[in-house]
2 protein chains.
Amino acid sequence: MFKQKKQQELREICKSRGVSLTPQRQAVMRALAARRDHPTADQLYEDLCRQMPGMSRTTVYRVLETFEKLGLVRKVDSRASKAHYDADTTLHPHLVCLNCGKVVDYQDREFGHLEPPVFTDDGFQIVDYAVTLVGFCRQCRQDPNN
Amino acid sequence: MFKQKKQQELREICKSRGVSLTPQRQAVMRALAARRDHPTADQLYEDLCRQMPGMSRTTVYRVLETFEKLGLVRKVDSRASKAHYDADTTLHPHLVCLNCGKVVDYQDREFGHLEPPVFTDDGFQIVDYAVTLVGFCRQCRQDPNN
DNA sequence: TTGACGATTGGTACTTTATTGCATTCGGTA
DNA sequence: TACCGAATGCAATAAAGTACCAATCGTCAA
């Protein structure tokens, strides 16, 4: 199961990078990996408050930032003015709903596979890319008021 | 010239959609179309303050929102937690710098041209998509402190 | 197993980005 | 040129994210 795998990876990375394996970090990873969508820091904070009273919003933001640096999670590109996080760091396309802002995986993980150059003519170094499909999720098409 | 073309388009769209052609709207369009990168609302506001004292930040936000609804501008997808705007509404890939956050066009406008389905198996309706190349611009590679 | 040390956390305050409400002013039409 | 609804400016507020610092915790060596 993905959730277990990520907990395992978290333990290994913490160990090898000399970073503490705190209950908060484990909880954030568990909460993120448990979701099939790609939540914002605040959405995760809400999940975590229930499971772990006393959890601080600041900590959630910081843990996610740390995870990003460790390569354990990724920020998802979207038009929305807030960061969405994905525990699956392999390259794959996302769907973003224009109505509710939800971010989920696109079924065909190979869709939009590209091979950008390492450098552009301008000297811009490309290290990553994202393919984002934008539209309206089924729920929002049925009931546009969320 | 692109700037002139967009001013023209603004006049036409305002007329046909029964929306006022205010000096503020013209100024925002001029300021946005004049830039080769894709600025945030606040960056535009700063440009505009110089050209048009008394211009309000709120107005810039509202005008951009209106333009988006009218199809005159687009928000650019990015990992950053703020909205970047592009006056070129045709589909083309962007480069985003991870260091300074700058958003610019990728030279090869045909790169990453895709044909996503109109509906996914989940019933998600796809109306648009974005290809974003992520990395480090030349300036930031030479001087990572901005 | 314990003690010490540096890393991490929680809380608060603050910044940045964006939105809302409302009185005033303005653009477009008659 | 006067009217009317739309748009603006200002101030207040909301939402998203960051900085600071004292208190606490996880890790490692003894």
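All of these numbers come straight from a predicted model, not from anything done at the bench.
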Practice problem: Indicate, with a heavy-atom threshold strictly under 4.0 Å, whether T58(B) touches base, sugar-phosphate, or nothing. | Solution: base
Quiz item: Under the criterion side chain to side chain contact (heavy atoms under 4.5 Å, CB included), which of L10(A), L72(A), V63(A) is the partner of V28(A)?
Solution: V63(A)
Quiz item: Quick one: is dA7(D) close enough that its OP1 or OP2 comes under 4.0 Å of any side-chain N or O from R25(B)?
Solution: yes
Practice problem: In whole angstrom, give the distance that lies between atom CG of L44(A) and atom C1' of dA15(D). | Solution: 17 Å
Practice problem: Return the value, rounded to whole Å, for the distance between atom CD of Q43(B) and atom P of dT16(C). | Solution: 14 Å
Practice problem: Give a yes or no on whether E115(A) atom CD has more than 12 heavy-atom contacts from other residues, nucleotides or ligands under 6.0 Å away. | Solution: no
Quiz item: Where the side chain of S20(A) is concerned, which of dA18(C), dG26(D), dG28(C) is the nearest nucleotide?
Solution: dG26(D)
Quiz prompt | Euclidean distance, atom NE2 of residue H84(B) to atom P of dA18(C) [Å, nearest integer] | solution = 9 Å
Practice problem: Round to a whole Å and report the spacing from CG of L10(A) to C1' of dG26(D). | Solution: 14 Å
Exercise. Select from G54(B) and C14(A) the residue whose nearest nucleotide in DNA chain D is closer to the 5' end of that strand.
Key: G54(B)
Quiz prompt | Carboxylate-amine/guanidinium proximity below 4.0 Å for R74(A) and D128(A) | solution = yes
Quiz item: Phosphate oxygens OP1/OP2 of dT9(C): is one of them under 4.0 Å from a side-chain N or O of T22(A)?
Solution: yes
Quiz item: With respect to the phosphate group of dG10(C), does any side-chain polar atom (N or O) of Q24(A) fall under 4.0 Å of OP1 or OP2?
Solution: yes
Practice problem: Using heavy atoms to find the nearest nucleotide of DNA chain C for S81(B) and M55(A) separately, return the residue whose nucleotide is more 5′. | Solution: M55(A)
Quiz item: Does the dA18(C) base have a donor-acceptor partner in the side chain of R57(B) within less than 3.5 Å?
Solution: yes
Quiz item: In whole angstroms, how far is the C1' atom of dA7(D) from the CZ atom of R17(B)?
Solution: 17 Å
Quiz item: Counting only side-chain N and O atoms of Y61(B), is one of them less than 4.0 Å from OP1 or OP2 of dA18(C)?
Solution: yes
Exercise. Can you tell me the distance, in whole Å, between the CD atom of E65(A) and the P atom of dT9(C)?
Key: 12 Å
Quiz item: With nearest nucleotides of DNA chain C determined for T66(A) and D42(B) from heavy-atom distances, which residue corresponds to the more 5′ nucleotide?
Solution: T66(A)
Quiz prompt | Distance, rounded to the nearest Å, where E46(A) contributes CD and dA15(D) contributes P | solution = 11 Å
Quiz item: Side-chain N or O of S56(A) less than 4.0 angstrom from OP1 or OP2 on dG11(C)?
Solution: no
Quiz item: Does a donor on one side chain sit under 3.5 Å from an acceptor on the other, for H94(A) and D77(A)?
Solution: no
Quiz item: Are the charged groups of K6(A) and E9(A) less than 4.0 angstrom apart, N to O?
Solution: yes
Quiz item: To the nearest 0.5 Å, what is the distance between CZ (F124(A)) and CG (L95(B))?
Solution: 4.5 Å
Quiz item: What is the distance, rounded to the nearest whole Å, between atom CD of Q26(A) and atom C1' of dT27(D)?
Solution: 14 Å
Quiz item: What about R62(A): does its side chain form a donor-acceptor pair under 3.5 Å with the base of dG17(D)?
Solution: no
Quiz item: When we call it a touch if two heavy atoms are under 4.0 Å apart, what does G18(B) touch: a base, just sugar-phosphate, or nothing?
Solution: nothing
